[in-house]
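Just so it is clear, the structure is predicted and the values come from calculations on it, not from any experiment.
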Amino acid sequence: MDTRILLFASSLLLMAVVGSVIASSTDEEWRGYQLRYYEIAMGRASNDTVKAALEAGGLEIRQDMLTGFSEEQRVDRCRTCHMAIDDPAFVDGQEPLRTHPDIPHHSFDEFGCTICHEGQGRALDSFYAHGQDEHCLHPLRTGSMIEASCARCHPEPYLDETPHLRAGRQLFDDLACGGCHTVRGVSRGKDGPDLSSVGERFHTEYIQESIRDPRANMAMSIMPDFHLDERDLQDLVVYLSSLRGRSLYEDPVTLRTRNREWKAEEPPTVTPSVAQGENSLEASACLACHELGNADGGFAPSLDHEGLLRDSDWVARHIAEPRDQVPGSSMPAFWMSASERQAIALYLATFDQVEPMARPAEQFRALCARCHGQHGDGKGPIARNLLPLPRDFTNARFFDWLPESRAHEAILHGVPGTAMPPFAELLAQVSAPPREGPEEGDSGDEAGASDMDGPAVRSAGARQAAVDLFAFVRAEFIGGDRPERSTTRTIPDSNPVAFTRASVQRGKAEYRARCYGCHGLAADGKGPNAADLAPRPRDLTNGPFMQDLGDSRLFESITYGIVGTGMPSWDYLSESTRWDLVNYIRAVSETGPSGTDQSAPNEGEYQ
């Protein structure tokens, strides 16, 4: 008896399930659209023949099997709902029953729909067919986004009918995106992600979000915020979405061969000249980041006085490998020949004049505020793009401790390994009093006349300008009298512990025990506590910066700490241990003494 009751109940359940399936299948979304199409079409039928054809039609899934364009078989069922796309009677209809605009040579039977509009061609529910579910990488494209699909068959120069695609491609160049990003056949940047197939791998909204806020999806991104308006943003997204890794007009073998040839190309050589340098600087879109004259990208240091700040050799080397001169630089290494780099350096060397600015306040606003901020807090408009970050002049404890002579030297000679340039030549010009013309009968060629602006006078003028400028900074942003140091420090003149592998190993062990939390295991200033410290811990692998520091300076910092920072005093360590730490820092920064001593560590051994 129990078995029969169970069998009867199971049968009822099965019948209910089957009934539910039948009911849902007769109430599918596409059936309603087709019934509506037939209803409207019958009302608009112009003769009996058309009416007979419509009456003969039934409800069915309409499926296009597409095999062209070097693709695997593609299935589009879009016309199951969009029945009127080729019916001219529905020009004024509402989607999905609307006539598709006529595009010559683009037959629906040959091309289908998803090759242009994307979406999921096999789906029959509009939610999934239009790619509205979160897992669909290529949702339905409408409006200007459809232009991204045109690039799959129509390469550069893009069609006139794709203005947004063309504008986005131009923006890619104008913003110097190719300096950091690779797009095969277009750009060779190495610092950012390869964008050759970004449109294939990422959702349109993800691309848009990453441009609008570069740190939205990658917290440590060094990509600047370009502050694009919505139109430019959309145009750039259209172009990036068009990058699918390969086109539909060439087979994989042809594509691979073309990419291999492109990678093997050498940058073109030029005849170095000022005019060529100006052209190259413009072609490389340097002013998408830097300031020069009336142009200002707003992300990088000004080049207005580069001829007074850096020599041509330094500039050419910096363009070739920016991180050799400034290890924390966010500037990419551009793909260009040595002759083209030299030409740019020659052009920038011509910017060697500056208007006199006698008052330190003027000098600070014109020369310092871009990095250090108008309020001296180290938060200038380009500060976040610099590493290490600019000094915060409001840090009273640090500047009360810092010997003023060190501040003066930093202004005059710069800080190697950072964005802080030497201002000696520039300050000599801005602070120089106007020269009076020679008196009557004076040729101006006598020794006395030439000494008026000779090296000795310029050096003294620059030094006084540096003293006055720092005095202004201190008075403006800190105020008060500078306190006297309470203790006298005793610092050896030289390192008594030999730079040997054994010493470096001892220093490494001590470093791992005490220092890595702030400076990081790699000694690059990126330890687990670094983000909570201001100023950030020093990158001890910064060769140019560490080379400029003597062993005694390093020993002093380890022994006494650095006031106004997170660097504590380690004076309770034995003196030999502190010198071992100095030797380890020399090893990781590759600034140790060179020689043939077999016991000394090899170059790069502790990198």
Side-chain angles (χ1 to χ4, degrees), residues 28-34 37 59-87 90 93-155 158-159 161-162 164-165 168 195-208 234 237-252 255:
E28 290 177 306
E29 184 181 15
W30 63 269
R31 293 177 181 274
Y33 290 136
Q34 290 195 7
Y37 170 77
L59 303 183
E60 61 179 354
I61 295 174
R62 301 191 171 199
Q63 181 168 279
D64 295 316
M65 309 292 288
L66 306 158
T67 58
F69 309 104
S70 304
E71 294 182 303
E72 295 181 2
Q73 188 177 74
R74 183 160 49 88
V75 177
D76 276 4
R77 294 171 177 165
C78 308
R79 288 200 278 182
T80 301
C81 294
H82 296 268
M83 291 184 65
I85 58 174
D86 55 356
D87 188 338
F90 284 78
Q94 299 296 317
E95 295 292 358
L97 302 178
R98 183 181 178 87
T99 308
H100 192 284
D102 180 54
I103 303 177
H105 314 298
H106 287 66
S107 163
F108 296 116
D109 294 330
E110 181 182 2
F111 286 81
C113 301
T114 56
I115 195 170
C116 296
H117 288 278
E118 297 288 359
Q120 300 185 89
R122 294 175 181 267
L124 292 173
D125 181 287
S126 61
F127 178 81
Y128 293 103
H130 294 173
Q132 294 174 347
D133 62 294
E134 60 179 320
H135 302 294
C136 179
L137 283 180
H138 306 296
L140 181 72
R141 286 180 172 172
T142 59
S144 62
M145 283 305 304
I146 298 176
E147 296 179 20
S149 297
C150 299
R152 302 184 73 185
C153 297
H154 304 280
Y158 300 121
L159 298 171
E161 293 82 1
T162 57
H164 298 278
L165 175 62
L195 301 180
S196 300
S197 58
V198 64
E200 179 69 26
R201 296 183 292 116
F202 294 104
H203 194 287
T204 300
E205 291 181 359
Y206 179 94
I207 297 173
Q208 187 176 63
Q234 182 67 12
V237 170
V238 169
Y239 171 66
L240 293 176
S241 297
S242 76
L243 303 176
R244 304 290 291 266
R246 71 180 185 90
S247 60
L248 297 179
Y249 56 83
E250 59 185 351
D251 62 86
L255 176 65

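One finds the CZ atom of R246 at 9.0 Å from the CG atom of D251 (value rounded to the nearest 0.5 Å). For the atom pair L248 CG and C153 SG, the distance stands at 5.0 Å (nearest 0.5 Å). From L124, atom CG reaches atom OH of Y33 across 12.0 Å, with rounding to the nearest 0.5 Å. To the nearest 0.5 Å, atom NE2 of residue H138 and atom OG1 of residue T204 are 8.5 Å apart. How far OG of S126 is from CD of Q132: 6.5 Å, rounded to the nearest 0.5 Å. Taking CG of L97 as the reference point, atom OH of Y37 lies at 8.5 Å (rounded to 0.5 Å).
Shown here are the side-chain hydrogen bond (donor to acceptor under 3.5 Å, both in side chains) partners of Q34, two or more places apart in sequence or in another chain: there are none. By the side-chain hydrogen bond (donor to acceptor under 3.5 Å, both in side chains) test, R201 is found to be paired with S197, residues two or more places apart in sequence or in another chain being considered. Scored by the salt bridge (Lys or Arg N to Asp or Glu O under 4.0 Å) test, E60 finds R62 as partners (sequence neighbours excluded). For E95, the salt bridge (Lys or Arg N to Asp or Glu O under 4.0 Å) criterion is met by no residue, not counting sequence neighbours. Scored by the ring-ring contact (aromatic ring centres under 6.0 Å, His included) test, Y206 finds F202 as partners (sequence neighbours excluded). Looking at residues two or more places apart in sequence or on another chain, you find a ring-ring contact (aromatic ring centres under 6.0 Å, His included) between F108 and H100. R79 meets the side-chain hydrogen bond (donor to acceptor under 3.5 Å, both in side chains) test with D64, D109; sequence neighbours excluded. For R122, the salt bridge (Lys or Arg N to Asp or Glu O under 4.0 Å) criterion is met by no residue, not counting sequence neighbours. Scored by the side chain to side chain contact (heavy atoms under 4.5 Å, CB included) test, L140 finds H117, H130, T142 as partners (sequence neighbours excluded). For D133, the side chain to side chain contact (heavy atoms under 4.5 Å, CB included) partners are Q120, F127, Y128, H135, C136, not counting sequence neighbours. For R141, the side-chain hydrogen bond (donor to acceptor under 3.5 Å, both in side chains) partners at least two apart in sequence or on another chain are S149. In this view, A129 and A123 satisfy the side chain to side chain contact (heavy atoms under 4.5 Å, CB included) rule, not counting sequence neighbours.
Minimum interatomic distance between S242 and A148 (heavy atoms only, all atoms of both residues): CB-O, 3.3 Å. A pairwise comparison of heavy atoms in Y239 and L165 identifies CA-CD1, 3.8 Å as the closest pair. Minimum interatomic distance between Y158 and H154 (heavy atoms only, all atoms of both residues): CD2-O, 3.5 Å.
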With side-chain contact (heavy atoms from CB on, under 4.5 Å) as the criterion, how do T114 and L66 come out once you've worked through the C-alpha distance, each side chain's angles and the decisive distance to 0.1 Å?
CA-CA 10 Å; T114 56; L66 306 158; 5.6 Å; no
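A salt bridge links R244 with E118: the distance from a Lys NZ or Arg NE/NH1/NH2 to an Asp or Glu carboxylate oxygen falls below 4.0 Å.
Side-chain atoms of E200 do not come within 3.5 Å of backbone N or O of G245 as any donor-acceptor pair. A donor-acceptor pair under 3.5 Å is formed between the side chain of R98 and the backbone N or O of G93. Panel note: side chain S241, backbone G199; no donor-acceptor pair is recorded below 3.5 Å. A distance-only check finds no donor-acceptor pair linking the side chain of E147 to the backbone of V238 [under 3.5 Å].
The side-chain heavy atoms of Q234 and S144, taken from C-beta on, include a pair separated by under 4.5 Å.
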